[in-house]
Student: 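One structure follows; several queries about it will come next.
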Protein chains: 4
Amino acid sequence: MKTPNPARRNEQSRRAILSAAFDLVAESGYAKLTVEAIAARAGVGKQTIYRWWPSKGAVFVDAVLAVTGDEKGHLALPDTGDLGADLRAVLRAIVDEYNDPRLDTMSRAMTIEALNDPGINTEIVERIMGPHLEATRERLRSAQRAGQVAEDADLDVAVELLYGPIYHRWMLRTAPLTHEYADTVAEFALRALRAA
Amino acid sequence: MKTPNPARRNEQSRRAILSAAFDLVAESGYAKLTVEAIAARAGVGKQTIYRWWPSKGAVFVDAVLAVTGDEKGHLALPDTGDLGADLRAVLRAIVDEYNDPRLDTMSRAMTIEALNDPGINTEIVERIMGPHLEATRERLRSAQRAGQVAEDADLDVAVELLYGPIYHRWMLRTAPLTHEYADTVAEFALRALRAA
Amino acid sequence: MKTPNPARRNEQSRRAILSAAFDLVAESGYAKLTVEAIAARAGVGKQTIYRWWPSKGAVFVDAVLAVTGDEKGHLALPDTGDLGADLRAVLRAIVDEYNDPRLDTMSRAMTIEALNDPGINTEIVERIMGPHLEATRERLRSAQRAGQVAEDADLDVAVELLYGPIYHRWMLRTAPLTHEYADTVAEFALRALRAA
Amino acid sequence: MKTPNPARRNEQSRRAILSAAFDLVAESGYAKLTVEAIAARAGVGKQTIYRWWPSKGAVFVDAVLAVTGDEKGHLALPDTGDLGADLRAVLRAIVDEYNDPRLDTMSRAMTIEALNDPGINTEIVERIMGPHLEATRERLRSAQRAGQVAEDADLDVAVELLYGPIYHRWMLRTAPLTHEYADTVAEFALRALRAA
DNA sequence: CTATAACCGAGACGGTACGTCGGGTCTTTTA
DNA sequence: TAAAAGACCCGACGTACCGTCTCGGTTATAG
C-alpha cells in the first residue's frame, strides 16, 4: 500500500466529499449511505475517497467532526456558582439536542459506526465526547473547591451519573426525554455528589 | 404477498437457522453475518429464511432471544434487606456480563440492530431489558416500603441512575468496567435515592 | 469455484445476452464492447454473464456462432465439374463477405479474440473455419478423382494456397479485394495444383 | 493542444519507455501491457508517454520498430539464380521466425494493434512488411527476366501466394509450421508462377 | 551568464469498467 | 406441497487503468 502525499491533496474535493456524506445521511438516513452515492454527489471519483479514508464510516465521522468542530470554544460549562442550576441547564441542552431529529439521526449513525469499528469509537470519544466530558469534570472540580461536591467523589463516575441516565433512555427509547426528566436526573446527581 | 401457514412450519429448520445465526456472530462477528451464510450453515434454502423473518436482524434477535429466553425465572433481584449489598451484587453481575467477550459481542450486535430498526429496538427492550428493569424497580419499591428509598423517588429514573452509568461506560469504552466501579455506582445511587 | 447447473439455465437470458453482444459490436465496434453494456442491453445481471462465460470474448464468439451456426447445410462447395469455375465462385463469395462492412467488423473482432486467447482461437477455427476448409478439401478430392488435381498434392496446403492470399490481403489491407483478384488467385492455384 | 518541441525531447526517457514496453510484453504478454506499467518500469511520468505517443499501441509498435529497425540492410533476398532454392530459404527463415516464441508473441501483439487501429496497421505494413514484400517482388522480377516466371504474372499476387499460406497457418494455428511445409508452399508457388 | 520557458518525475484527479458479494425474488426438483 | 437448492436481477463493493491536470525540479536555449 502506497500512502498518498497529503500536500497534494485537493481541498475542494475533500470538502465536497464531507458535505456530500453529511447531507446524504441527513436526507436518506445512514443505512442508505454508500461510497458511490457520496462520490456521485460530490462530483468525485470513488478512488479519491478510498485514497484518503479507509471506509465510508470514517468519511461520515470526519463529516460530522467537520461540522461539529466548527463550534469549538463554547465548551466550558456555565459556572454561575449555583451548581444545581448549571447542571440542569446542561442536561436540558443535551435533551434538546437528542430531541432534534437531525442530531438524533446523526448520533445514532455515529453510534453504529463506533460499534462496528473500535478505531472509530476511539476517535469519536476522544474528539467529540472527550472535550465535553472534561468540561463537565472541570465544572465539578470547581464545585468541589466550593464545597458543594464531596472532596473524595470520583469525578469520572460523576459525569457518568449525569449523562448515563439520559444516554440510556435515549438509546433504548424507553421513555421521552423531557426537561422535567433532565431536572430529575440533575437533582439525583446533586444528592449523590454533595458533601456529606 | 402470501402469509405462510405457521402450523406447517418446519421446527427443525427454524432451530437450525437460529443456532446458525447465533454461532456465526459468535465466530466471526456481526458484520460478517449474511443471510446466505446462515442458510448455508443451517442447510436451508434462503427462501425459508425470508418466509419467516423480515431481515437478518430479526433472525439474529430471535436467535439471541432463543438462547436468553431459556434462563427465564431467575429474574427477581435478591432481596436480603440490605439494599446496598443487593445493588452491588446486581451491578457486579452486569459488569461481569459485559466483560464476557461473547456477551459483549452479542450485546453490541443487538444494539446495532436496535439502532437500525425501531421495531427491533422495541422488541429487544420489551423482551430482554424490560423484565430486568421491572425486577429492579420491584426491588426498589420494596426498599421504599422499608424506608430506605425516598417515597417520592421516580423509580423509572432510579433504574437509569443504576444502569445508565455502566451502559455509558460500556458503550463508549471510556474506562474499564470493574467490580470497584460497580460498587462506586451503587454507592452514588444509594445516596441519591435514600430518604432525606 | 462452483460450477452452475446448466439444466436450470434461463434460455431467454442466454439469448438476450448473445444478441446484445452481437448488436453492440455491430453498432459501436468491438473495442467498446463491455460486459456491463451487454448486461444492461440484455436486461440481465452481470453475474449471469460471469456465471456462464469466462470472458466477454467468449460471449462474443458464442454470439457470432449463434448467428453463423444457423446457416448450416450449404457448406458443400459447388461441384459443376469445372474446377476453375467452382473455385472462382467460392473465392469471389469470400471476397464479397470480407467487403461487407458488417462481416468485416465481426471477423476482425473474432481475430482479436483468437489472438488473445488460444482457447477461443481453437473454438473459432474448429467451429467456423474448420467445416469450410473441410468442404474445400472435399471439392479438391473430387477434382483429384477427376484427374484435374495432382494425385500427390497435399490438400491441407492446397486450401491455404486458395485462402491464404486473400486472408493475407484482407488482414494487412495491402490492396483492395476484388473479384478480379479472386480470379487471379484461383488461376494461380489451379496451375499449382493441376496434375503434371 | 500544444505540440511539444522535439528538440527538447529527453532521449534517455524515450529509450527507457520503448524498452520498458518491449520487455513488459515479452515478460507478461500484450494483454497486461498498460501505460502505467510502462511509466513505472521506465521510471518516467505518464505524461511523458502521452506527450509523445497517442496510445500504448503506438508506443509498442515504436518499440518493436526500434528493435527491428536495427537490422536494416539485409533486406534483399538471396539471388543465387536458383529461384526454387532461394524461395525455400526465405520461407524456411520466416517459418523459423514464427516458431520463435518471442517473435511469435510480438507478432501477435502487433497484429492486435493493427486490427484495432488502421493507422497503426498502415505504419506496420509500410515500415515492416512493406520493405520485405518489395524485396520479394524484386527477386521475382529478376526471375521474370531470367524467364523462370511468367512475364504477365501479377507479382503483388505472387508474393501473397508465397506468404499467404504461411500467414494463414500461423494466424489460425491450424497446423505446425515446419521446413517441410515451407518447401511445399515454395513448390506450389513455383508451379503457379512459372512460364507456361 | 543569467532567466525563463520547456520538459521531466511524480502522482492526485474525475471517470469507466472490472469481477465479486450479497440482497431479496422466483423457479425447478426432491421428499 | 413445503422446503432444498440455486439461478436470477440488481446495487454496491473495492481495484485497476485511463487520460488529464497540477506540482516542484532540472535542463537548455535566448536575452
Side-chain angles (χ1 to χ4, degrees), chain A residues 2-10 12-14 16 32-40 42-52 54-56, chain B residues 1 4-5 7-10 12-13 16 32-40 42-52 54-56, chain C residues 1-2 4-10 12-14 32-40 42-52 54-56, chain D residues 1-2 4-10 12-14 16 32-40 42-52 54-56:
Chain A
K2 49 187 71 169
T3 23
N5 180 353
R8 298 205 175 247
R9 184 165 186 181
N10 184 331
Q12 216 168 319
S13 294
R14 197 191 120 264
K32 286 182 186 168
L33 185 68
T34 66
V35 174
E36 294 207 324
I38 297 171
V44 140
K46 278 201 289 177
Q47 198 62 51
T48 301
I49 296 179
Y50 286 113
R51 186 151 34 230
W52 301 109
S55 68
K56 73 172 179 183
Chain B
M1 172 152 54
N5 178 354
R8 296 217 162 220
R9 184 165 186 181
N10 184 331
Q12 214 169 320
S13 293
K32 286 182 185 167
L33 185 69
T34 65
V35 173
E36 295 209 322
I38 296 171
V44 139
K46 281 204 286 178
Q47 194 62 359
T48 302
I49 295 179
Y50 285 112
R51 190 155 26 233
W52 302 108
S55 68
K56 75 172 177 183
Chain C
M1 174 153 53
K2 50 187 71 172
N5 179 353
R8 305 214 163 204
R9 185 165 188 180
N10 185 332
Q12 217 167 321
S13 295
R14 196 189 121 265
K32 286 183 186 167
L33 185 68
T34 67
V35 174
E36 294 206 324
I38 297 171
V44 140
K46 279 201 287 177
Q47 198 65 57
T48 301
I49 296 178
Y50 285 112
R51 188 157 26 235
W52 303 107
S55 67
K56 73 171 178 183
Chain D
M1 174 151 50
K2 55 185 73 169
N5 177 355
R8 289 193 160 235
R9 183 165 187 180
N10 184 331
Q12 214 168 321
S13 295
R14 197 190 122 265
K32 286 182 185 168
L33 185 68
T34 66
V35 173
E36 295 211 321
I38 297 171
V44 138
K46 280 201 290 176
Q47 193 65 345
T48 302
I49 295 178
Y50 285 112
R51 191 161 17 239
W52 302 109
S55 69
K56 73 170 179 184

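Computation of the quantities below employed the complete heavy-atom set of this structure, encompassing side-chain atoms and omitting hydrogens, waters and symmetry-equivalent molecules. The structure displayed is predicted, hence computed values, not measured ones. Chain letters run A, B, ... following the sequence lines, proteins first, then strands; residues in each count from 1.
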Student: Could you pull out the closest heavy-atom pair between D:Pro4 and D:Pro6, with the gap in Å?
Tutor: O-CD, 3.2 Å

Student: Could you give the NZ-to-C1' distance, from C:Lys56 to E:dT16, as a whole number of Å?
Tutor: 12 Å

Student: Tell me: CD1 of A:Ile38 to C1' of F:dA12, nearest whole Å?
Tutor: 12 Å

Student: Of the non-hydrogen atoms in B:Lys56 and B:Leu33, which two are nearest, and what is the gap between them?
Tutor: NZ-O, 3.1 Å

Student: Roughly, in whole Å, what's the span from CH2 in A:Trp52 to C1' in E:dC13?
Tutor: 11 Å

Student: Please check the phosphate of E:dA12 (OP1 and OP2 only) for any side-chain N or O of A:Ser13 closer than 4.0 Å.
Tutor: no

Student: Rounded off to whole Å, could you give me the OH-to-P distance for the B:Tyr50 and E:dG22 pair?
Tutor: 12 Å

Student: Take atom CG of B:Asn10 and atom P of F:dT1, then tell me their distance rounded to the nearest Å.
Tutor: 17 Å

Student: Starting at CD of C:Gln12 and ending at P of E:dT27, how long is that distance when rounded to a whole Å?
Tutor: 11 Å

Student: Roughly how far, to the nearest 0.5 Å, is the NZ atom of B:Lys46 from the OG1 atom of B:Thr48?
Tutor: 12.0 Å

Student: Which residue, B:Thr48 or D:Lys32, contacts DNA chain F at a nucleotide closer to its 5' end, judged by nearest heavy atom?
Tutor: B:Thr48

Student: Can you find a donor-acceptor pair, distance only, under 3.5 Å between C:Gln47 side chain and E:dC21 base?
Tutor: yes

Student: Contact class for B:Arg9 vs. all strands (heavy atom < 4.0 Å): base, sugar-phosphate, or nothing?
Tutor: sugar-phosphate

Student: To the nearest 0.5 Å, what is the distance between CD1 on A:Ile49 and CD on A:Gln47?
Tutor: 10.0 Å

Student: To the side chain of C:Arg8, which of E:dG9, E:dA12, E:dT28 is closest?
Tutor: E:dT28

Student: Could you tell me the separation between the CG atom of D:Asn5 and the C1' atom of F:dT27, rounded to a whole number of Å?
Tutor: 13 Å

Student: CZ of D:Arg14 versus P of E:dC8: gap in Å, rounded?
Tutor: 12 Å

Student: From C-beta outward on C:Glu36, which listed nucleotide comes closest to its side chain: E:dG19, E:dG23, E:dG14?
Tutor: E:dG19

Student: When you measure from the centre of the six-membered ring of A:Trp52, is the NZ or CZ of A:Arg14 closer than 6.0 Å and no more than 45° off the axis?
Tutor: no

Student: Ignoring hydrogens and angles, answer whether the base of E:dG15 and the side-chain atoms of A:Lys46 contain a donor-acceptor pair closer than 3.5 Å.
Tutor: no

Student: Can you find a side chain N or O atom of A:Arg51 that sits less than 4.0 Å from OP1 or OP2 on E:dC13?
Tutor: yes

Student: Assign each of D:Ala40 and A:Gly43 to its nearest nucleotide of DNA chain E by heavy atoms, then name whichever residue's nucleotide is nearer the 5' end.
Tutor: D:Ala40

Student: Nearest to the side chain of B:Val35 - E:dT20, E:dG24, F:dA7?
Tutor: E:dG24

